[in-house]
Amino acid sequence: MSMQEIVPQITKSDRDYLDLLRGMSITRVVLVHLGLSWFLPPYSEYVHTFMPLLFFVSGAVSYFSFLRSKNLLLYLYKRIASIYVPYAFLIIVLFLFRCIYLGYIPKPNIMLFFDYLTLNFGEMKNATFPLGQVWFLHSLIVIVLLSSLIFMTKIGNHKFFFSIIMLISIGLSAIQFFINIHPFFYLTRHNFYHPLVYIGFFLFGSWYYSNKETFNGKILLYLMGISLFVFLTLFILTQNIGMNIHATKPDLYYVSLSYFFVCFVLFFRDSIIKLNKRMPGLTTFFLFMSKHSYSVFLLHSLVLWYVHNELGLSNVMASPEKAALKIVLVILITCIFAMPYSYMANYLRNKVIFLK
């Protein structure tokens, strides 16, 4: 595709709504790690189905970023650097902290070093730092690389390729529901099942915001109906109505309900915006979480570990007061550290991207 073609542009209204969705999604990530998903199992586990919204939002942002880029290599360089640099900076800081402040120098381990280097936390048995959520970044980088091949085709062909890849990703999740195919997607120590499933949500974000005239209210209702029908059918078939087991290796039970919720927040966009306007404080919080989303994403698990172990706020489920205190402390401390970390990470990222 020629980068000089006339391309669609995302509107300010859509950018604002994507910011809101991103902020809500990052807040959900933090709350899930604080115990939201096992507060009232198995029903509370269904909060996992909102996670693909992050891939959906990333797809919309990445697509328009690609259209603004001069060429493919520049797009990939900037996009991957924007993901990798803040992560690498954090790993270096944590390593130096353990060596200098705690006086602990880990034994040389080439394989563990390689896993850290390639964001392969899924294979770490003795990870030094509690950063299990980095699986998302691992998948996102793979998705960015794969999706760029589709973005390179002519704009008029995007709908066809988007739909085909989405159907393939849904098909894989359907097979996973009946047969555990997840182990077959290993290449060396890396498993590529997750990015192949989540790329469907990523491309849906690209497709939706570049062709909004296609997805009118009637189409969104139609997609919601299909997704809900598939989910309810599988609900009858499954022996485990919880969501944890289905989300860990995403199958159609999880994916179908996730697509329903993605379409839901699109169909009820105006209602969600109006509801947030009635709660300006909450909207401000979500927009803050969106602005510092990457920093919050990386730091919150470390803060949670500190509050859990160093402040003694573990096993708080039996005490609502301690549970509430733990939630407030983790969110507050994370937000405080997220601001300077965002500044530093953006500074380093810009140095790398623009080679200044």
Side-chain angles (χ1 to χ4, degrees), residues 10 13-34 36-37 44-65 83 133-140 142-144 147 162 165-166 169-170 173 194-210 212 215 220 223-224 226-228 230-231 243-244 246-248 250-273 275-276 282-283 285-294 296-298 300:
I10 192 167
S13 176
D14 286 336
R15 286 199 303 270
D16 292 343
Y17 191 55
L18 286 170
D19 286 340
L20 183 61
L21 291 180
R22 185 188 296 109
M24 294 170 67
S25 296
I26 289 297
T27 302
R28 184 212 64 87
V29 170
V30 177
L31 292 177
V32 164
H33 291 158
L34 278 165
L36 180 62
S37 63
S44 56
E45 296 174 9
Y46 286 84
V47 71
H48 288 302
T49 56
F50 286 94
M51 193 283 299
L53 268 173
L54 281 175
F55 285 107
F56 176 85
V57 172
S58 296
V61 173
S62 296
Y63 182 66
F64 287 98
S65 176
I83 298 171
Q133 72 272 24
V134 168
W135 73 265
F136 175 85
L137 304 181
H138 180 277
S139 293
L140 185 57
V142 175
I143 290 172
V144 167
S147 61
F162 287 170
I165 301 302
M166 285 176 63
S169 71
I170 293 172
S173 70
H194 281 79
L196 290 177
V197 171
Y198 285 118
I199 193 174
F201 294 96
F202 185 92
L203 293 179
F204 186 33
S206 304
W207 188 4
Y208 178 83
Y209 279 102
S210 60
K212 285 187 66 177
F215 296 95
L220 287 175
L223 293 175
M224 288 168 62
I226 293 176
S227 301
L228 190 58
V230 172
F231 168 75
M243 191 55 72
N244 283 344
H246 299 282
T248 302
D251 59 21
L252 191 58
Y253 184 74
Y254 163 81
V255 167
S256 59
L257 192 59
S258 294
Y259 271 111
F260 170 81
F261 283 124
V262 169
C263 293
F264 180 90
V265 299
L266 295 175
F267 182 81
F268 289 102
R269 174 184 182 275
D270 293 340
S271 298
I272 292 173
I273 291 175
L275 182 62
N276 274 272
L282 189 60
T283 301
F285 173 75
F286 286 146
L287 292 179
F288 174 91
M289 295 294 276
S290 177
K291 181 179 180 180
H292 300 285
S293 58
Y294 198 1
V296 171
F297 177 81
L298 287 175
H300 79 276

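Side-chain atoms are counted along with the backbone in the values below, which use heavy atoms only and exclude waters and symmetry mates.
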J.: Take Val255 and Val230, measure what side-chain contact (heavy atoms from CB on, under 4.5 Å) needs, and give me the verdict at the end.
T.: CA-CA 10 Å; Val255 167; Val230 172; over 6 Å; no
J.: Measure the shortest side-chain to side-chain distance between Val265 and Phe261 over non-hydrogen atoms and say whether it is less than 4.5 angstrom.
T.: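 Of all side-chain heavy-atom pairs linking Phe261 with Val265, none is under 4.5 Å.
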J.: Between Met24 and Leu53, does a side-chain contact (heavy atoms from CB on, under 4.5 Å) hold up when you go through it step by step?
T.: CA-CA 9 Å; Met24 294 170 67; Leu53 268 173; over 6 Å; no
J.: Quick check against the 3.5 Å criterion: does His300 have a side-chain atom that pairs as donor or acceptor with the backbone of Phe297?
T.: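 Present.
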J.: Could you go through the side-chain contact (heavy atoms from CB on, under 4.5 Å) check for Met51 and Val32 one step at a time?
T.: CA-CA 10 Å; Met51 193 283 299; Val32 164; over 6 Å; no
J.: Within the 4.5 Å heavy-atom criterion, are Leu223 and Phe215 side-chain neighbours or not?
T.: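 Yes, at least one pair of side-chain atoms sits under 4.5 Å.
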J.: Testing the basics here: between Gly200 and Ser169, what is the closest heavy-atom pair and its distance to 0.1 Å?
T.: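 Closest approach of Gly200 to Ser169, heavy atoms only: CA-OG, 3.5 Å.
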J.: Please check if atom CZ in Phe285 has more than 12 non-hydrogen atoms from other residues, nucleotides or ligands closer than 6.0 Å.
T.: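 Enclosed: over 12 neighbouring heavy atoms sit under 6.0 Å from CZ of Phe285.
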J.: Which distance, rounded to the nearest 0.5 Å, do you find between the CG of Leu266 and the CG of Leu220?
T.: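 Taking CG in Leu266 and CG in Leu220, the distance rounds to 6.0 Å.
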J.: Looking at every non-hydrogen atom in both residues, tell me the closest pair between Pro250 and Thr248 and how far apart they are.
T.: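 Minimum heavy-atom contact is CD-O, 3.6 Å.
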J.: What's the shortest heavy-atom distance between Phe64 and Tyr209, and which atoms?
T.: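 In terms of heavy atoms, the two residues are closest at CZ-O, 3.4 Å.
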J.: Does the side chain of His194 reach to within under 4.5 Å of the side chain of Phe136, using non-hydrogen atoms?
T.: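 A side-chain contact is absent here, since even the closest heavy-atom pair is not under 4.5 Å.
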J.: Kindly give the heavy-atom pair with the smallest separation between Tyr254 and His246, and that separation in Å.
T.: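 It is CB-O, 3.6 Å.
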J.: So do the side chains of Leu20 and Arg269 get within less than 4.5 Å of each other, counting heavy atoms only?
T.: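 Leu20 does not reach Arg269 side chain to side chain.
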J.: What distance do Phe260 atom CZ and Ser256 atom OG have between them, rounded to the nearest 0.5 Å?
T.: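 So the gap between those two atoms works out to 10.5 Å.
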J.: Ser173 side chain to Ile170 main-chain N or O, any donor-acceptor pair under 3.5 Å?
T.: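 Checked: pair present.
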J.: Check whether Thr283 reaches the backbone of Asn276 with its side chain - one donor and one acceptor, N or O, closer than 3.5 Å.
T.: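 The answer is yes, because a donor-acceptor pair under 3.5 Å joins these two groups.
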J.: Should Leu31 and Val47 count as side-chain neighbours, where that means a heavy-atom distance under 4.5 Å?
T.: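 No, side chains not in contact.
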J.: Would you mind reporting whether Ile273 and Asp16 have side-chain heavy atoms less than 4.5 Å apart?
T.: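 SC-SC contact between Asp16 and Ile273 ruled out.
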J.: Can you name the side-chain contact (heavy atoms from CB on, under 4.5 Å) partners of Ser206, sequence neighbours left out?
T.: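 Scan of Ser206 (side-chain contact (heavy atoms from CB on, under 4.5 Å), adjacent residues dropped) gives Tyr63, Phe151, Phe162, Phe202.
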J.: Show the nearest heavy-atom pair for residues Ser293 and Ile26, with the distance to one decimal.
T.: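 Taking Ser293 first and Ile26 second, the nearest heavy atoms are CB-CG1, 3.6 Å.
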J.: With rounding to the nearest 0.5 Å, note down the distance linking CD1 in Ile199 to CD1 in Ile165.
T.: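 If we round to the nearest 0.5 Å, Ile199:CD1 and Ile165:CD1 are 6.5 Å apart.
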J.: Please give me the minimum heavy-atom distance between Val30 and Met289, naming the atom from each residue.
T.: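 Reported closest heavy-atom pair: CG2-CE, 4.3 Å.
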J.: Does Phe204 have its ring centroid less than 6.0 Å away from the ring centroid of Phe55?
T.: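 For Phe204 and Phe55, the ring centres are not under 6.0 Å apart.
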J.: Could you give all pairs that pass the side-chain hydrogen bond (donor to acceptor under 3.5 Å, both in side chains) test and reach residues 20-29, with sequence neighbours left out?
T.: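 Matches after skipping sequence neighbours: Asp19-Arg22, Arg22-Ser290.
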J.: Does any non-hydrogen side-chain atom of Leu54 lie less than 4.5 Å from one of Phe201?
T.: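 Side chain of Phe201 against side chain of Leu54, heavy atoms only: no contact under 4.5 Å found.
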J.: Is there side-chain contact between Leu228 and Phe264, with heavy atoms separated by less than 4.5 Å?
T.: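 Of all side-chain heavy-atom pairs linking Phe264 with Leu228, none is under 4.5 Å.
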